[in-house]
Amino acid sequence: MERTLPALARTTGEQRLLDSFAAIPPNERVRLAKRTSNLFRERASTRTPGLDTTGLTGVRVVDVGRRTAEVDGMCTYEDLVAATLLHGLMPLVVPQLRTITLGGAVTGLGIESSSFRNGLPHESVLEMDILTGSGEIVTATPDNEHADLFRGFPNSYGSLGYATRLLIELEPVERYVALRHVRFHDLDALCAAIADVVATREHEGERVDFVDGVVFSADEAYLTLARHSDDDGATSDYTGQQIFYRSIQHDGTEPRRDLLTTLDYLWRWDTDWFWCSRAFGAQNPRVRRLWPKRWRRSSAYWKLVALDQRTHFSDRMEARKGNPPRERVVQDVEIPLEHTAEFLHWFLDTVPIEPIWLCPLRLRSDRTWDLYPLRPGETYVNVGFWSSVPGREPGATNRAIERRVDELHGHKSLYSESFYTREQFDALYGGDAYAVLKATHDPSGRFPHLYDKAVRHA
Ligand SMILES: Cc1cc2nc3c(=O)[nH]c(=O)nc-3n(C[C@H](O)[C@H](O)[C@H](O)COP(=O)(O)OP(=O)(O)OC[C@H]3O[C@@H](n4cnc5c(N)ncnc54)[C@H](O)[C@@H]3O)c2cc1C
């Protein structure tokens with residue numbers, strides 16, 4: 001379905017986007033001009049104006065009867081969740097960081113604790129409008145003439161086009177989420193528990209709607225098993241002085257229980273950017289008391305990281321100590337469950353980073369996705385680690401991780417730095433299918449190539 005709507009039928013946001021596209025000289029690359037980002041790799045700077053997305057940030061309709069929402073492509077999950085919770089509904093997967101946008105999560109593969117039953121955000125998209133390289137907005141669905149673009153869009157990172165409108169499924173919530181933090185002293189036992197929860201959707205007789213986990217060391221790891229709940233009780237608040245990830249830890253044999261409002265559960269990791277706020281001193285009780293509450297959110301820490309990348313402050317501090325710059329190791333990888341314990345042991349022995357985040361996932365159906373070939377019916381565990389290690393040869397640790405992930409038949413997300421050769425990259429991320437998609441939907445190369453974006457910082 002080509003949207004050959006007369007200009008008046010377009011929303012103001014779409015028109016602004018199209019006008020800004022038309023204003024970019026044909027020999028210049030097209031990219032987003034957007035205030036927030038959750039992309040970690042450095043990008044080449046440019047003076048060319050980007051696409052104007054200012055009118056594409058809202059929720060258009062929440063259809064309670066159909067349990068769907070029609071949403072602008074650059075709407076943040078913070079705004080989307082605020083709109084759907086008013087109706088007792090939530091998107092099927094809500095990535096942990098408030099400023100991730102729906103379009104960003106669909107093209108960049110967000111993930112969360114509902115992914116063991118709902119898959120990834122793109123799997124609950126019913127249709128999308130996409131601005132393609134020809135400057136047109138087309139509607140792509142799983143079975144219309146743009147179905148190839150629908151299937152190839154996840155993991156394309158804006159290299160085939162930009163989603164301007166998405167129709168997504170929603171699911172009902174209750175007022176609270178009840179959590180159990182279950183401790184494991186053994187990573188094989190933890191992985192066996194994941195397999196059981198994924199298969200039965202319960203643990204020790206109690207329903208499980210959400211699962212994620214944290215590894216502090218080989219003998220201190222937790223699964224947080226959570227369920228929707230309407231039982232009244234005292235709720236915890238981790239947006240103040242308490243820190244969520246610290247609340248998980250205990251040395252009892254019984255799970256530690258907690259209750260959060262659904263809103264606080266969805267943003268439990270945003271307040272301290274998982275644990276990454278530690279690097280800015282925001283977990284020191286004295287600093288934390290002075291740290292303005294509105295800055296206790298991932299987007300504020302993100303600005304500090306961006307400032308450091310611009311000024312090379314940390315590198316200069318290392319140089320004063322006579323050290324080379326530290327190597328950033330900020331990655332999420334997906335490992336088949338059967339190899340997850342092996343990967344974690346290797347990682348803990350090789351890379352001095354903890355804690356590590358775990359999140360099980362399975363494709364929601366038998367439908368596969370060209371640029372991120374996960375196998376239907378297989379359980380994977382997303383393993384996330386976001387820190388730095390002492391610098392040796394540039395990229396040495398990241399390359400070692402890429403090799404180990406490959407040996408264990410896993411995949412790496414592309415939001416951060418990657419070091420693959422073009423051949424390796426094409427083999428891992430659907431290179432042949434991508435070449436056809438690129439030729440069809442961006443024949444003049446208005447958007448950067450995926451390899452250039454992911455590996456060459458284009
Ligand atoms: C430290 C860190 C931790 C992360 N943790 C998580 C996590 O816990 N859970 C999780 O789900 N994800 C996580 N991510 C990954 C994140 O979901 C992806 O990077 C996602 O693409 C970010 O979306 P954004 O809206 O912030 O987009 P941006 O960061 O602005 O852009 C990301 C990429 O997507 C493209 N893009 C943005 N919007 C659109 C659109 N509408 N249409 C097409 N392309 C678009 C951009 O061109 C760019 O290439 C993490 C990323 C980082 C850096």
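The figures here come from the full heavy-atom set of this structure, side chains too, leaving out hydrogens, waters and symmetry mates. Note that ligands are numbered from 1 as they come in the structure, with each ligand's atoms numbered from 1 the same way.
At a heavy-atom distance under 4.0 Å, no atom of Arg31 approaches ligand 1. Proximity of Ile100 to ligand 1, defined as any heavy-atom pair under 4.0 Å, is shared by backbone and side chain alike.
Remark: ligand 1 and Gln96 share an N or O pair separated by less than 3.5 Å (distance only, no angle test). Here's the thing with Asp332: none of its N/O atoms is less than 3.5 angstrom from an N/O atom of ligand 1. For Lys453, a nitrogen or oxygen atom sits less than 3.5 Å from a nitrogen or oxygen atom of ligand 1, counting backbone and side chain alike. Considering backbone and side-chain atoms together, Ile111 places an N or O closer than 3.5 Å to an N or O of ligand 1. Considering backbone and side-chain N/O of Ala163, one or more are found under 3.5 Å from N/O of ligand 1.
No side-chain donor-acceptor contact under 3.5 Å links Glu112 and Tyr77.
Remark: distances from the non-hydrogen atoms of Trp269 to ligand 1 are all 4.0 Å or more. Within the 4.0 Å heavy-atom cutoff, Gly161 counts among the residues contacting ligand 1.
Residue Pro95 has at least one heavy-atom neighbour below 4.0 Å for each of these atoms of ligand 1: 10 (C), 11 (O).
At least one side-chain heavy atom of Tyr420 sits under 4.5 Å from a side-chain heavy atom of Glu402.
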